[in-house]
Amino acid sequence: MAKDKKVAGPEARLPKGFRDIRAAELSATRAMLDTIRRVYETYGFEELETPAIEYTDALGKFLPDQDRPNEGVFSFTDDDEQWLSLRYDLTAPLARFVAENYQSLPKPFRRYATGTVYRNEKPGPGRFRQFTQFDADTVGTESLAADAEICMLAADTLEALGIARGDYVIKVNNRKLLDGLLESVGVNLSDHVARLAVLRSLDKLDKFSREDVALLLGPGRKDESGDFTKGAGLGEKQIAVLLDFVMQPKLSRSERDAIVRTAGFEPVDAFGDGLAELDQIGELVEKAGYGADRIRIDFSVVRGLEYYTGPVFEAELTFEVKDEQGNKVRFGSVGGGGRYDGLVERFLGQKVPATGFSIGVSRLQAALGVLKGSAAADVAPQGPVVVLIMDKGELPRYQKMAQMLRSAGIRAEMYLGTSGMKAQMKYADRRGAPCVVIQGSDERAKGEVQIKDLIEGAKAAAAIADNKEWKESRPAQVSVKEEDLVATVREIIARHGGAD
RNA sequence: GCCGCCUUAGCUCAGUUGGUUAGAGCGCUAGAUUGUGGAUCUAGAGGUCUCCCGUUCAAUUCGGGAAGGCGGUACCA
């Protein structure tokens, strides 16, 4: 039998890294999106929707020196043999939109957008190949006030989602500063490979110890499976300065310079510029009332490597939770962003500075689920009232009852299967129905209906062990006149707080 | 991509030092109860023991390879 099934057709299976999402989780997601939207709108951002597919060159993701798109993006060709790709974030499409509509947009242009994005990468726990982001961006100003505001928006949003102050932090750094620091200690910035190797190593400070990161910056490191990661090849003195600097964000301005100088290096201009920008953002948010418990300078934040040009932000959850096995789970980054002054310029040829922030909704939702206890996070929504079929010859009557309930704004359905009453009760139970409507020939003759409160019934049942008694007592079941059907059902739903 | 571990029922897992009919719990279906979801009891369905190749009289068990999963690491625009 099973054999026949197998050869009869394709195997029903979900592509790796993708998920089916059911009603309970979807309603939690929708609530989150509504909350985020509300916060973004109070900041004055306007909504924009762009398609899930863009021309690959608009995303800027062709492999260098090949006419094939970057691995990592899902791509295909259309009938005209043009490369198309699924968007991998919401920022590149925004840049395309702004460039295409530049004349008609108010500047600065401030928009928010939400949608699913796609990445053709190895999935991991909490990491999928399709996930939802929620972005806000300000395009067309180089004012650092825009960056400061983005950080405040991020903090406000996380708190609106129920994350307590202290359970998260918005970390801020500056790419100019990092590049300036590297240049100051003698890293050749035009050597792209070397620069990325160093930045990536520094980015791992939240994951690895100082010693391990030092190995990555220097000769390389062996991971616990025995695999070897090639290092950036820096000298001990360079490594010491980088780590000393990056790991101590609270230093004063002169102390910062001193770390670089005492090792015999001369700070370059970009280093000072980056520091000045950071200080300015720090002052802006602080004067707006956002202290270091919410927004904090952290020199180890690197973020994505391709297009950021100035300040970068990262939203991190700081609480620790244990999973079922008792292992510590850290959620880390649930959002990030930064300034990308070159993205629109790619299309327009003129400089259009921009800054923005993106929340990883799917990841944040997973984290919130653990924070609040998964039971509370995914509450199954209440199902519809189910009208049972006691007499197949009376379908129109039952359909009419369902219709009356619907007209009164109550979600209701007539049982559409063909099984007996027991199976129908089971069905109603599984759907999460608050109550069922029963009318057999006896009730019909009297112009009545039986209404059984399933939620109350389940409670009553707990006290009754004997099946016969349970059946005969018919807990939480009332008989009412047909014309009182709607009122009685409404009362039951209201009692269970399901009047939404 | 690289490294390590894993794969037996829908789920969680026993088990077979290579030998007739491979088990449990949970779940599912049905009956006890011809009009009542729970609980209890009874019965039933459900497995090419992931796949392919090899060793062997004999492989779910041993060897090799593949696929899938988990974890680490790399990448993550």
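In the text below, chain A, chain B and the rest are named by the order of the sequence lines, each starting its count at 1. Since the structure is predicted, the reported quantities are computational estimates derived from the model, not experimental observations.
Closest to the A:K426 side chain, of the nucleotides B:rG38, B:rG35, B:rA77, is B:rG38. Distances were taken from every side-chain heavy atom of A:Y307 (C-beta onward) to each of B:rG35, B:rC76, B:rA77; the shortest belongs to B:rA77. Counting only heavy atoms from C-beta on, A:A461 has its side chain closest to B:rG38 among B:rG38, B:rG35, B:rC76. Of all nucleotides listed (B:rC76, B:rU36, B:rA77), B:rA77 comes nearest to the side chain of A:Y88. For A:K207, counting side-chain heavy atoms from C-beta on, the closest listed nucleotide (B:rU73, B:rG35, B:rG37) is B:rU73.
When side chains are defined from C-beta on, A:M390 does not count as touching A:E443, because their heavy atoms never get closer than 4.5 Å. Annotation: side chain of A:K452 is in contact with side chain of A:M425 (closest heavy-atom distance under 4.5 Å).
For the pair A:K16 NZ and B:rG1 P, the computed distance is 8 Å after rounding to whole Å. A straight line from CG of A:D203 to C1' of B:rU73 spans 15 Å, rounded to a whole angstrom. Straight-line distance from the CZ atom of A:F228 to the P atom of B:rC75: 13 Å, rounded to whole Å. At whole-Å resolution of the value, CZ in A:R127 and P in B:rC70 are 13 Å apart. The interatomic distance linking A:H192 (NE2) with B:rA77 (P) rounds to 12 Å, in whole Å. Taking atom CE of A:M425 as the reference point, atom C1' of B:rU33 lies 14 Å away to the nearest angstrom.
A:Y427 has its ring centre less than 6.0 Å from the ring centre of A:Y415.
No contact: A:L59 has no heavy atom under 4.0 Å from any strand. Heavy atoms of A:V436 sit nowhere under 4.0 angstrom from any nucleic acid atom. Residue A:Q424 is out of contact with every strand shown, counting any heavy-atom pair closer than 4.0 Å. Using a 4.0 Å heavy-atom distance criterion, A:G457 is classed as a base contact. If you check every strand for non-hydrogen atoms under 4.0 Å, A:F208 touches sugar and phosphate atoms only. The residue A:S441 sits close to a base: some heavy atom pair falls under 4.0 Å.
Not a single donor-acceptor pair, N or O on each side, falls under 3.5 Å between the base of B:rU36 and the side chain of A:Q450. For a distance-only test at 3.5 Å, the side chain of A:K452 qualifies as a donor-acceptor partner of the base of B:rU36. If you check distances only, the side chain of A:E443 does reach the base of B:rG35 with a donor-acceptor pair under 3.5 Å.
Checking the phosphate oxygens (OP1, OP2) of B:rG38, no side-chain nitrogen or oxygen of A:K459 falls inside 4.0 Å. For the pair A:R430 and B:rC28, the criterion of a side-chain N or O lying under 4.0 Å from OP1 or OP2 is met. Contact annotation: A:K204 side-chain N/O to B:rA74 OP1/OP2 distance is under 4.0 Å. Side-chain nitrogen and oxygen atoms of A:K122 include none within less than 4.0 Å of the OP1 or OP2 phosphate oxygen of B:rG1. Within the 4.0 Å cut-off from OP1 or OP2 of B:rG37, at least one side-chain nitrogen or oxygen of A:K422 is found. At B:rG37, none of the side-chain N or O atoms of A:R431 fall inside 4.0 Å of OP1 or OP2 (strictly under the cut-off). Remark: A:R200 is not in phosphate contact with B:rA74, judged by side-chain N or O atoms under 4.0 Å from OP1 or OP2.
With respect to A:D137 and A:R110, no salt bridge is recorded, no charged nitrogen being found less than 4.0 Å from a carboxylate O.
Residue A:A458 is the one, among A:D89 and A:A458, whose nearest nucleotide of RNA chain B lies closer to the 5' end (criterion: closest heavy atom).
Around atom OH of A:Y55, no more than 12 heavy atoms belonging to other residues, nucleotides or ligands sit under 6.0 Å away. Other residues, nucleotides and ligands contribute only 12 or fewer heavy atoms inside 6.0 Å of the CD atom of A:E142.
Summarising the base pairing, B:rC11 is matched to B:rG25 through a Watson-Crick or G-U wobble pair whose two defining distances lie under 3.5 Å. Pair assignment for B:rC70: B:rG4, on the basis of Watson-Crick or G-U wobble contacts that are both within less than 3.5 Å.
For the pair A:Y427 and B:rG37, the ring geometry does not qualify as stacking, because the centroid separation below 5.5 Å and plane angle under 30° are not jointly satisfied.
Under a 3.5 Å cut-off, the side chain of A:R129 and the backbone N or O of A:Y118 do not form any donor-acceptor pair.
Nucleotides B:rC57 and B:rC2 are separated by 38 Å at their P atoms, to the nearest Å.
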